[in-house]
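Heads up, the thing below is written out as structure tokens.
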Amino acid sequence: MPELPEVETTIRELNKNRAFKVLNARFIDVWTDSPKLIKKPKSFKFFKEKIKNKKIKKIWRKGKNIVFTLSDNFYLLIHQKLSGHLLAGKWTREDSQWRPKNPKYLKDRVNTYIHLMFFLNNGGMIALSDLRKFAKVELLKRPEIEKELSAIGIDPLEKGFTFSKFQEALKNKKGEIKKVLMNQQTIAGIGNIYSDEILWEAKINPLRKACNLSKKELKTLYLATKTILKKAIKTKGSSVVDYRRISGEKGGFEKILKVYRKEGQKCPRCGAIIKKTKIGGRTAHYCPNCQK
DNA sequence: TGCAGTGTTGCTTC
DNA sequence: CGAAGCAACACTGC
């Protein structure tokens, strides 16, 4: 689910959460019914011991990775993968024993899949809801997180994401442009939904080879990438299936999707019928008429 | 009823 | 080497 705009929305909302302050709070307890979500350290017991009393100093992201900078040079890394999303709420003493059968914080059924909860010393609770349990949670030291994040390409929201950087990243890439856009080592944060939407915006066919795009087309694509991602952040992301804001509310971007999951419908720009195909094992949606 | 499909990633296989 | 397939998991929709 969550691509760059959803992850950006999550960290922005965590940073300015009103119900309780997430920044500067300390972890006092962790609960899970799926210890396999915690990849490092492998033992949940060890993870729980290590994170206890650590203070949240910063919340940021690179691509789709959420990072909590903690005290003592520790970092909490969360990748939500397909169906994960973070939720935040208040908790009471009894809740630390709470098995979330009865989702009392949560308004709709998607949010019943809570598998991990962090309890903070100021009454705050951060939960990971994840239907498919693919999410990755890691507690790392500085060299480890640097190593992990350095393998990821440039984030389109970074200041350094200039046209020449974009051009450089796409140069010599032989694969289809949609596949290249989704490759996290090339550019970080774009997944299936936004690659479809960006390519529609840029009027570029997803099947085109990246290395065959003209400079003019690359420029259009670069601008469309920024436009679409910013617009999606403004509307708090897309809740096509189960992404939620930390309050449990849905995002608003899925209401204005142009092609993603719209096969058989009319292209909002030219009226031709939107097609669905497979690219690199993923579904792609595009307008065969106006995406050249 | 059963099985293909689902926003991701990384590992295995050819 | 790169590309393709599949596994991790649980549910929906045809």
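Quantities reported herein were computed from a predicted structural model and do not represent experimental measurements. Numbered from 1 within each chain, the chains take letters A, B, ... in sequence-line order.
Taking only side-chain nitrogens and oxygens, A:His79 never comes nearer than 4.0 Å to OP1 or OP2 of B:dT8. In this model, the phosphate group of B:dG7 is not approached by any side-chain N or O of A:Ser238 to a distance below 4.0 Å at OP1 or OP2. Side-chain nitrogen and oxygen atoms of A:Lys278 include at least one within less than 4.0 Å of the OP1 or OP2 phosphate oxygen of B:dT6. A close approach under 4.0 Å does not occur between any side-chain nitrogen or oxygen of A:Lys81 and OP1 or OP2 of B:dG7. At the phosphate of B:dT9, OP1 or OP2 sits under 4.0 Å from a side-chain N or O atom of A:Gln184.
Centre separation under 5.5 Å together with a plane angle under 30° does not hold for the ring of A:Tyr243 and the six-membered base ring of B:dG7, so they are not marked as stacked.
A distance of about 15 Å separates the P atoms of C:dG5 and B:dA4, rounded to the whole Å. Across C:dC9 and B:dG2, the matching P atoms stand 22 Å from one another, rounded to whole Å. Taking the P atoms as reference points, B:dG7 lies 15 Å from C:dC14, given to the whole Å.
Every stem involving DNA chain B, taken as at least 3 paired positions in a row under the Watson-Crick or G-U wobble test at 3.5 Å, is listed here: B:2-6 with C:10-14, B:8-14 with C:2-8.
You'll find the ring centres of A:Phe118 and A:Phe68 outside the 6.0 Å limit.
A:His79 is listed as a side-chain neighbour of A:Lys64, based on a closest heavy-atom distance under 4.5 Å. Using a 4.5 Å cut-off on side-chain heavy atoms (C-beta onward), A:Phe119 and A:Val30 make no contact.
Within 4.0 Å (heavy atoms only), A:Lys36 reaches sugar-phosphate atoms of the nucleic acid but no base atom. Using a 4.0 Å heavy-atom criterion, one finds that A:Gly281 contacts no nucleic acid atom at all.
Checking each of A:Lys40, A:Lys39, A:Lys141, A:Lys62 against A:Glu148 for a salt bridge (charged side-chain N to carboxylate O under 4.0 Å, His left out) leaves exactly one that passes, namely A:Lys40. Of the residues listed (A:Leu213, A:Leu223, A:Ile177), the one engaging A:Leu218 in a side chain to side chain contact (heavy atoms under 4.5 Å, CB included) is A:Leu213, and it is the only one.
Residue side chain A:Arg132 does not reach the base of B:dT8 through any donor-acceptor N/O pair under 3.5 Å, judged by distance alone.
Distance, A:Leu128 CG to B:dT8 P: 16 Å, rounded to whole Å. Protein atom CZ of A:Arg261 is 13 Å distant from nucleotide atom C1' of C:dC14, rounded to whole Å. Distance CZ (A:Arg282) to C1' (C:dG5): 14 Å, rounded to an integer number of Å.
Figure legend: cation-pi geometry between A:Lys54 and A:Phe74, with NZ or CZ positioned under 6.0 Å from the six-membered ring centre and within 45° of its axis. For A:Lys226 and A:Phe161, the positive end is not near the middle of the six-membered ring at less than 6.0 Å and at most 45° from its axis.
Checking B:dT9, C:dA8, B:dG7 against every side-chain atom of A:Tyr260, the shortest atom distance belongs to B:dG7. Listed nucleotides B:dG7, C:dC11, C:dC9 differ in distance to A:Tyr113; the shortest reach to its side chain belongs to C:dC11. When each of B:dT8, C:dA4, C:dA10 is scored by its nearest atom to the side-chain atoms of A:Glu3, the top-ranked nucleotide is B:dT8.
The side chain to side chain donor-acceptor pair (under 3.5 Å) search around A:Arg132 returns none, not counting sequence neighbours.
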